[in-house]
Amino acid sequence: MNIFVFIQKDNGTINRNSLEALAGAQQFARATDAQVSAVCFGEVNDQLTEYDIQQVLSISDPGLNSYNPQLYCEAFNQVISAHHPDMVIFGHTYQTRDWVPRLSAKLDIPFVSDCIRIQNQNGLILTRQIYQGKINTDLKVEGSVLVSIQSGAYRLDSIVSGNTSVQQFEVNLDSVKCTVHPGEKFQESKGSVDLSRAKIIVAVGRGIGKEENMPIAKELAEVLGAELGSSRPVVDYGWLPHEHQVGSSGQTVSPKLYLALGISGAIQHQVGMKGSSNIVAINKDGNAPIFEIADYGIVADLFEIVPKITQTLKDHKG
Amino acid sequence: MKICVLMKQVPDNDSAIILSNDSSSIKLNDITWCTNESDTYALEEALLMKEAHGGEVVACSFGRESSQQVIKDALAKGADRGLYISEEESDGFDILSTAKIFTQALKDENFDLIFSGLQSNDSGNAQLGLLLAEMLNMSHAALVMGTEVLNDTRIKVKQELEGGWFQWTELDLPASITIQSGLNKPRYASLRGIMMMKKKPIDIFDSSQIDSTGSKNKIFLDKMYIPQKVKETTFIEGTPDEIASKLGDLMINDIKVF
Ligand SMILES: Cc1cc2nc3c(=O)[nH]c(=O)nc-3n(C[C@H](O)[C@H](O)[C@H](O)COP(=O)(O)OP(=O)(O)OC[C@H]3O[C@@H](n4cnc5c(N)ncnc54)[C@H](O)[C@@H]3O)c2cc1C
C-alpha cells in the first residue's frame, strides 16, 4: 500500500497537524508494511528529510507559493494521476477543510474527514466521530481514499526519525482558470483579555441558557479572581465578546484551573483548553465528551451547584 | 442573486443518541429534530443578501420525509420556495455520493450562489457545499464569517482561519460558500411569515432514479459504537450542598486557587 501525506506549511513552517498525520501514517505503515511518502509544495524543510519516510515529493511552482485552492487541487490531481497512492492523508486544518473536498470531487475519490484513527484490521479501518463526539464510526474502504486526521489524534513525539530522499515533481498549472482569489490575512483588533496568561478560567457554555444567567458565572469568576472564558455559541449569541472564546478559532489556554460550566466539550473547544492543569466540568449530561478530558466531573444542573460554590468560596475568604 | 441554501434536519442538542441493536444506526424514535445550527446562519445570510440586492432564496433539504419541516421553517422566515430531495435511506457516510444526487437536483437551476452551514451536527463531514462547487463548476470558500457583494460577477467573503485570524477572499460567481456560525443574528419567523409559508411552493426531486454509486472508490460502514473513555475522571457526588463543599475543599486545598 502506498500512502502519501500532505505537508501543509504556514509561512514556511510545517503545520503541526500535518506532522501528527505523518506520525499516524508511520504507525499504520509499521503494522502493514505500507510505504509512506510526504508531499510538499515549495521548498523542502530540512526537518522533513530527517523522518523515516520513503521519499519527499517536492513540487515547486510559483502558483503554489501561497494558498490557492484551485491551484492546489490541480497540482495534487497531477501528483495522484502519476503516482496512484492508495491513501492520501492530511491534517484536519481549516485549509484542508477548504480545498480537500473540492479535490475529492475532482478525483472522484471519497474524503473521510476528521478521523481519529487509521488502523489495519483485515484491511483499512478509518474511525471518525459523529453526533458531536457522542458516537464513533468505523469505516471500510474499497479503492482509494483521502483522509484527514483530527488535531491531537496522534502524538508529535511519536514520529520516527530516519533517512529519506527528495524527488522533484513537475506540475503544469496553466490550464487552471482561477475563480477564487485569496487576499490578505488579518486579525481583528485585540481586546484587553489575554486568556493565555490566566491562572484560573471560569468558562461558560451554551448550558448557561440565556444572557440573563451570565452573572452566575461572573460572580464565581470574581470570587476566584478568574478570567471568564467561553465556548463558541456564547460568543455567537453576543453574550461575551470574541476575545473570551476558547478553542480552535479562539484562544489556547493552559491555566492551573479550568472550570467548564455547561460546555459539552466538542473537539474544537478541547484543542483550546486540554493543556489546563486541572479541568473541572459541571454538566448535566454524564455522557458529555467534556468528561473525556475532565480531571473532576460533576454531573448536575449548574444552576443548583454554581451559586453554592460561589458562597462556599466567599465564606472561606471571610 | 439567485441563492440556494442547503439545510439539513439533525437531532437537537438535547436528544439522547442511542445505538440501534445491530450497531448500524441510531434509534430515531425519541429524537427531537431541528435545523442544523450553522444552516440557520446560512439562511439568514442569504435572506440579508436578497433584501439588499434582490433575487430569490430557495431552501433545499435532502433526507427523510420529516426534513420538509426544515424547508417550511425557512419559508416562514422568508425563503421564496423550497426544494425537497426525497430519499429513503441515507447513512450519511458517503457524502461524495450524496453530492452527486444534489448535483442532479440543482444543475438546471443555475444558482448564482449556494450557501450551506459549514458542517452538520450529526455526520459532520463538512464537505457538501464544497463538493458541489467542483461538480457544478463554481468557485468556493469554506468557513465564511462575512459576505459582501462587489458587483454582478463577484463577491468578497471573510474566511475564518485558526486562532482568531481571518482572510479576505474574492470569488467569481457562481460560488458555493459554507457558513460558520455567529456571522449574523438568525431571525425568528413572524406570524405573517408563517401564514405566507403555506402559499409557497415546495418542489420535490425524486432521488431514487439516480445512480450515484458509479465510483470505483467507495466507503462502507463497519460499525458504530460508544467511544471508550480514555481519562479517569473523579466524579464528585452528593447533594448540591455536599458537592459545593467537596468542590470548594478541592479548589482551596488541592488546587490552591487562593
Ligand atoms: C471549524 C469550527 C470551529 C469551531 N471553533 C470553536 C471554538 O473556537 N471554540 C468553541 O468552543 N467551539 C468551536 N466550535 C463549535 C464546537 O463544535 C461546538 O459546537 C461548541 O464548542 C459547543 O459549545 P457548547 O459546549 O457551549 O454547547 P453545546 O454543545 O450545546 O453544549 C452545552 C452543554 O451544556 C450542558 N447543559 C445544558 N444545560 C445545563 C445545565 N443547566 N447545567 C449543566 N449543564 C448543562 C449540556 O448537557 C451540554 O453538554 C467550532 C466548530 C467548527 C466546525
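Numbered from 1 within each chain, the chains take letters A, B, ... in sequence-line order.
For Glu237(B), no part lies under 4.5 angstrom from a heavy atom of chain A. Proximity to chain B involves both the backbone and the side chain of Ile298(A), based on heavy atoms less than 4.5 angstrom apart. Looking at Lys246(B), there are no atoms closer than 4.5 Å to chain A (heavy atoms on both sides), in backbone or side chain. Contact annotation for Ile219(B): both backbone and side-chain heavy atoms come within less than 4.5 Å of a heavy atom of chain A. For chain B, no part of Glu243(A) is nearby; none of its heavy atoms comes within less than 4.5 Å. Of the two parts of Leu131(B), the backbone and the side chain both hold a non-hydrogen atom closer than 4.5 Å to a non-hydrogen atom of chain A. Heavy atoms of Cys178(A) lying under 4.5 Å from chain B belong exclusively to its backbone. At a 4.5 Å heavy-atom cutoff, the contact between Leu247(B) and chain A is made by side-chain atoms alone. At a 4.5 Å heavy-atom cutoff, the contact between Val280(A) and chain B is made by side-chain atoms alone. For chain A, the nearby part of Gln228(B) is the backbone; its heavy atoms alone come within less than 4.5 Å. For Thr127(A), the part lying near chain B is the side chain, with the backbone staying farther off; criterion is any non-hydrogen pair under 4.5 Å. With a 4.5 Å cut-off on non-hydrogen atoms, Ile243(B) touches chain A through its side chain but not through its backbone. Contacts of Pro186(B) with chain A are absent, with no heavy-atom separation under 4.5 Å from either backbone or side chain. Heavy-atom distances place the side chain of Lys158(B), and not its backbone, under 4.5 Å from chain A. With a threshold of 4.5 angstrom between heavy atoms, Leu124(A) does not approach chain B through any atom at all. Heavy-atom distances place the side chain of Phe258(B), and not its backbone, under 4.5 Å from chain A. Lys199(A) does not touch chain B: none of its heavy atoms, backbone or side chain, sits under 4.5 Å away. Within the 4.5 angstrom heavy-atom criterion, atoms from both the backbone and the side chain of Asp241(B) approach chain A. Heavy atoms closer than 4.5 Å to chain A are found nowhere in Ala99(B), neither backbone nor side chain. Heavy-atom distances place no part of Leu183(B) under 4.5 Å from chain A, backbone and side chain included. Only the side chain of Ile26(B) comes within less than 4.5 Å of a heavy atom in chain A; its backbone stays farther off.
Separation of atoms CD1 (Ile17(B)) and CD1 (Ile130(A)) is listed at 8.5 Å; rounding is to 0.5 Å. Separating the OH atom in Tyr67(A) from the CG atom in Leu161(B) is a distance of 10.0 Å, to the nearest 0.5 Å. Note that CG of Asp114(A) is 12.0 Å distant from OG of Ser123(B), once rounded to the nearest 0.5 Å. We find the CD-CG distance between Gln127(B) and Leu146(A) to be 8.5 Å, quoted to the nearest 0.5 Å. Note that CD1 of Ile252(B) and OG1 of Thr312(A) are 7.5 Å apart. Values are rounded to the nearest 0.5 Å. A distance of 14.0 Å separates NZ in Lys140(A) from NZ in Lys218(B), rounded to the nearest 0.5 Å.
A pairwise comparison of heavy atoms in His140(B) and Asp98(A) identifies NE2-O, 2.8 Å as the closest pair. The heavy-atom pair separating Asn13(B) from Lys134(A) by the smallest distance is O-NZ, 3.7 Å. Leu143(B) approaches Arg97(A) most closely through the heavy-atom pair CD1-CD, 3.9 Å. The heavy-atom pair separating Gly164(B) from Gln187(A) by the smallest distance is O-CG, 3.5 Å. Summarising the geometry of Pro101(A) relative to Ala126(B), their closest heavy-atom pair is CG-O, 4.2 Å, with the distance given to 0.1 Å. In terms of heavy atoms, Val257(B) sits closest to Leu224(A) at CG2-CD2, 3.7 Å.
For the set Lys284(A), Gln129(A), Arg206(A), Gln95(A), the entry with the most heavy-atom pairs within less than 4.5 Å of chain B is Arg206(A). Comparing Glu304(A), His242(A), Lys106(A) by how many heavy-atom pairs each has under 4.5 Å with chain B, the most go to Lys106(A). Looking only at heavy-atom pairs under 4.5 Å with chain A, the residue among Met224(B), Glu170(B), Gln119(B), Met138(B) that has the most is Glu170(B). Each of Glu188(A), Gln70(A), Gln251(A) has some count of heavy-atom pairs under 4.5 Å with chain B, and the biggest count is that of Glu188(A). With chain A as partner, the option from Gly163(B), Gly129(B), Ser181(B), Ala141(B) having the largest number of non-hydrogen pairs under 4.5 angstrom is Ser181(B). Of the listed residues (Gly124(B), Pro240(B), Pro227(B)), the greatest number of heavy-atom pairs within a distance under 4.5 Å of chain A belongs to Pro227(B). Interface remark: of the candidates Asp10(A), Val141(A), Ile135(A), Ile135(A) forms the most heavy-atom pairs closer than 4.5 Å to chain B. Among the candidates Lys185(B), Lys256(B), Glu232(B), Glu162(B), the residue making the largest number of heavy-atom pairs closer than 4.5 Å to chain A is Glu162(B). Note on Thr233(B), Leu173(B), Leu130(B), Val10(B): by heavy-atom pairs under 4.5 Å with chain A, the leading option is Thr233(B). Highest contact tally toward chain B, considering only Tyr94(A), Phe111(A), Tyr237(A), Phe291(A), is held by Tyr94(A) [criterion: heavy-atom pairs under 4.5 Å]. Comparing Met135(B), Arg154(B), Gln159(B) by heavy-atom pairs within less than 4.5 Å of chain A, the highest count is held by Arg154(B). With chain B as the partner, the residue from Ser144(A), Gly143(A), Ser248(A) showing the most heavy-atom pairs under 4.5 Å is Ser144(A).
Panel note: side chain Lys185(A), backbone Trp168(B); no donor-acceptor pair is recorded below 3.5 Å. Although no hydrogens or angles enter the test, the distance criterion places no donor-acceptor pair under 3.5 Å between the side chain of Ser139(B) and the main chain of Val180(A). In this structure, the side chain of Asp108(A) does not engage the main chain of Asn217(B) through any donor-acceptor pair within 3.5 Å. Within the 3.5 Å criterion, the main-chain N or O of Ser249(A) finds no donor-acceptor partner in the side chain of Glu160(B). With hydrogens and angles ignored, the 3.5 Å screen pairs no side-chain donor or acceptor of Glu134(B) with any backbone N or O of Ser104(A).
You'll find the side chain of His181(A) reaches within 4.5 Å of the side chain of Asp172(B), heavy atoms only. Inter-residue side-chain proximity for Leu221(B) and Leu139(A) is flagged as met; some heavy-atom pair is nearer than 4.5 Å. Asn278(A) is not listed as a side-chain neighbour of Met251(B), based on a closest heavy-atom distance of 4.5 Å or more.
Atom CG of Asn122(A) has 12 or fewer heavy atoms from other residues, nucleotides or ligands within 6.0 Å. The environment of Asp22(B) atom CG is dense: over 12 non-hydrogen atoms of other residues, nucleotides or ligands sit within 6.0 angstrom. Atom CG of Asp254(B) has more than 12 neighbouring heavy atoms from other residues, nucleotides or ligands inside a 6.0 Å radius. The neighbour count for Asp12(B) CG, taken as heavy atoms of other residues, nucleotides or ligands under 6.0 Å away, is above 12.
Glu37(B) has no carboxylate O lying under 4.0 Å from a charged side-chain N of Arg232(A), or vice versa, which leaves the two without a salt bridge.
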